[in-house]
Amino acid sequence: MTTFTHHEETPYEEHPFAEIVRILGKGKKGSRPLTQAEAFRAMRMILADEVLPVQLGAFLMLMRVKEETPEELAGFVQAAWESFHISNDGLVDLDWSSYAGKRRHLPWFLLSALLLAENGISVFMHGASGHSAGRLYTENMLGYLGLSPAQSLAQARQQLQEHRFSYLSLEHFCPKLHEIIELRPILGLRSPVHTLVRLLNPFNAAYSIQGIFHPSYRPVHQQAAALLQQPHMAVLKGEGGETERNPDMECLVQSVHHGELSDELWPALFPRRHIKPEELNPEQLAQLWQGGYSDEFAQASVIGTAAVALKLLGKADSQQQAHELATAYWQARDKQKFTG
């Protein structure tokens, strides 16, 4: 620590994290973004509990005001990776982040992921629940499909080996980041942690897909994935901020493939927008899969989202082929599953 003298009488030492706060908060002309190395150092200190609560609050809100750069996100993610040490053993084909929660529609993307799993693609989903009121979180929806979230990395591995699908809450592999996400009702705002967790890809899968709510974050995710040397990643403005294509709207998917950045516009699947349901009934998730419930918006959400994932995975060469393959998967699904 650097020693300073206060009023030329009382010596005091500056906390190491103070430098990070000063870089971000030194006014309009004096402040600047963190470099990737500085962001790595900052997040490593946070994850090691080497930061005082007042410093953490200042850091989170200064980052929120200026918004994260790709370099900062990459540094944050690298520090998180260092903290949970999960090896890449090829167990996961597709990493799928789920942190936003749904408010206007049911989480139809969950059926998209299960559809991929039924067809030989191992999907690992990670998320957090409860940090924003009035939303349906994936973890709480699994029971309506007769599924249970994993309670540990070991159980997630077992579920992936047996069913090619597993959901694990952030609290079970990076509890400090989960603790920070839970601060949202206290701070009143989201923080950079809500952004970086989508990029975690804990099993280091070759393919990852993310949904965001604010379009400005889409290229930031794309560029951060390139800095992190993620082989294949796609990010889209998802319905409600989740990784779900809204079939009523055009969908810009921004991707990275071995360092090459690309943008692809997927058209709306309907000429007019649907009216959102007055209430959400999670039992309709299983009912739609089993054929007991019919809804063209929901079905198009499932198929359309799966199509984007299949294109990312290289299972199809064009949007049309991806949509046709996703439709074939849906039509051939085992309707006896997910009885709750």
Side-chain angles (χ1 to χ4, degrees), residues 96-118 123 125-149 165 167 169-170 181-182 184-185 188-190 194 198 209-215 236-251 266 268-309 326-327 330-331 333-340:
W96 193 307
S97 62
S98 176
Y99 289 88
K102 296 297 291 293
R103 182 171 55 87
R104 294 168 59 88
H105 296 278
L106 289 172
W108 300 118
F109 66 88
L110 187 51
L111 299 186
S112 306
L114 294 170
L115 189 64
L116 298 177
E118 185 179 60
V123 180
M125 194 174 284
H126 52 99
S129 62
H131 49 81
S132 295
R135 290 183 176 268
L136 301 180
Y137 290 96
T138 301
E139 182 173 3
N140 302 323
M141 297 296 100
L142 294 172
Y144 292 97
L145 294 163
L147 303 174
S148 299
F165 175 84
Y167 173 94
S169 173
L170 178 68
I181 277 185
E182 294 295 303
R184 179 169 185 170
L189 293 168
R190 62 177 296 284
H194 289 82
R198 289 169 160 84
I209 190 166
Q210 299 148 26
I212 51 90
F213 182 78
H214 298 288
L236 56 103
K237 179 183 175 349
E239 204 292 310
E242 284 286 2
T243 310
E244 179 178 292
R245 179 181 171 192
N246 185 333
D248 285 349
M249 303 174 66
E250 286 185 336
C251 179
W266 293 66
L269 297 175
F270 297 105
R272 290 181 297 275
R273 294 191 180 187
H274 292 75
I275 298 173
K276 72 179 183 69
E278 293 184 2
E279 59 181 32
L280 302 181
N281 177 8
E283 293 181 356
Q284 291 172 349
L285 288 167
Q287 292 168 0
L288 184 75
W289 180 282
Q290 293 158 8
Y293 170 67
S294 178
D295 183 300
E296 66 173 10
F297 178 93
Q299 181 171 300
S301 297
V302 175
I303 293 173
T305 303
V308 172
T327 301
W330 179 251
Q331 291 174 346
R333 70 192 184 280
D334 180 359
K335 295 182 180 179
Q336 303 305 311
K337 287 183 174 179
F338 313 128
T339 54

- Query: Of all residues at least two apart in sequence or in a different chain, which pass the side-chain hydrogen bond (donor to acceptor under 3.5 Å, both in side chains) check with R333?
  - Reply: none

Could you tell me which non-hydrogen atom of [X] sits nearest to which non-hydrogen atom of [Y], and how far apart they are?
X: E139; Y: S169; answer: OE1-CB, 3.8 Å
X: A309; Y: L116; answer: CB-CD1, 3.7 Å
X: A128; Y: Y137; answer: O-CD2, 3.3 Å
X: F338; Y: A286; answer: O-CB, 3.3 Å

Main-chain N/O of [Y] paired to [X] side chain as donor or acceptor, under 3.5 Å:
X: R190; Y: R184; answer: no
X: T243; Y: S97; answer: yes
X: R245; Y: T305; answer: no

What's the spacing between [X] [atom1] and [Y] [atom2] if we round to 0.5 Å?
X: R198; Y: Q210; atom1: CZ; atom2: CD; answer: 8.5 Å
X: S129; Y: L136; atom1: OG; atom2: CG; answer: 11.5 Å
X: K276; Y: D248; atom1: NZ; atom2: CG; answer: 13.5 Å
X: L106; Y: L288; atom1: CG; atom2: CG; answer: 9.5 Å
X: L114; Y: F109; atom1: CG; atom2: CZ; answer: 10.0 Å
X: W266; Y: C251; atom1: CH2; atom2: SG; answer: 8.5 Å

- Task: For Q290 and K337, run side chain to side chain contact (heavy atoms under 4.5 Å, CB included): C-alpha distance rounded to whole Å, both residues' side-chain angles, the deciding distance at 0.1 Å, then the answer.
- Result: CA-CA 7 Å; Q290 293 158 8; K337 287 183 174 179; over 6 Å; no

For residues 295-304, run the donor-acceptor check on the side chains, cut-off 3.5 Å, and write out each pair with its distance to 0.1 Å, sequence neighbours left out.
residue: D295; atom: OD1; partner: F297; partner atom: N; Å: 2.9
residue: D295; atom: OD1; partner: A298; partner atom: N; Å: 2.8
residue: D295; atom: OD2; partner: Y293; partner atom: OH; Å: 3.0
residue: E296; atom: OE2; partner: H274; partner atom: NE2; Å: 2.7
residue: Q299; atom: OE1; partner: W330; partner atom: NE1; Å: 3.3
residue: S301; atom: OG; partner: F297; partner atom: O; Å: 2.9

- Query: Do L110 and M125 pass the side chain to side chain contact (heavy atoms under 4.5 Å, CB included) test, and can you show the C-alpha distance, the side-chain angles, and the key distance before you say yes or no?
  - Reply: CA-CA 9 Å; L110 187 51; M125 194 174 284; 4.2 Å; yes

- Message: If you define the side chain from C-beta out and look only at heavy atoms, does anything of L285 sit under 4.5 Å from M141?
- Response: yes

- Report yes if some heavy atom in the side chain of I212 is under 4.5 Å from a heavy atom in the side chain of K237; otherwise report no. yes

- Item | Full working for side chain to side chain contact (heavy atoms under 4.5 Å, CB included) between M249 and E239 | CA-CA 10 Å; M249 303 174 66; E239 204 292 310; over 6 Å; no

- Option among Y99, Y167, W96 that satisfies the ring-ring contact (aromatic ring centres under 6.0 Å, His included) test with H126: Y99

- Item | Side-chain donor-acceptor contact under 3.5 Å, S98 with E242 | yes

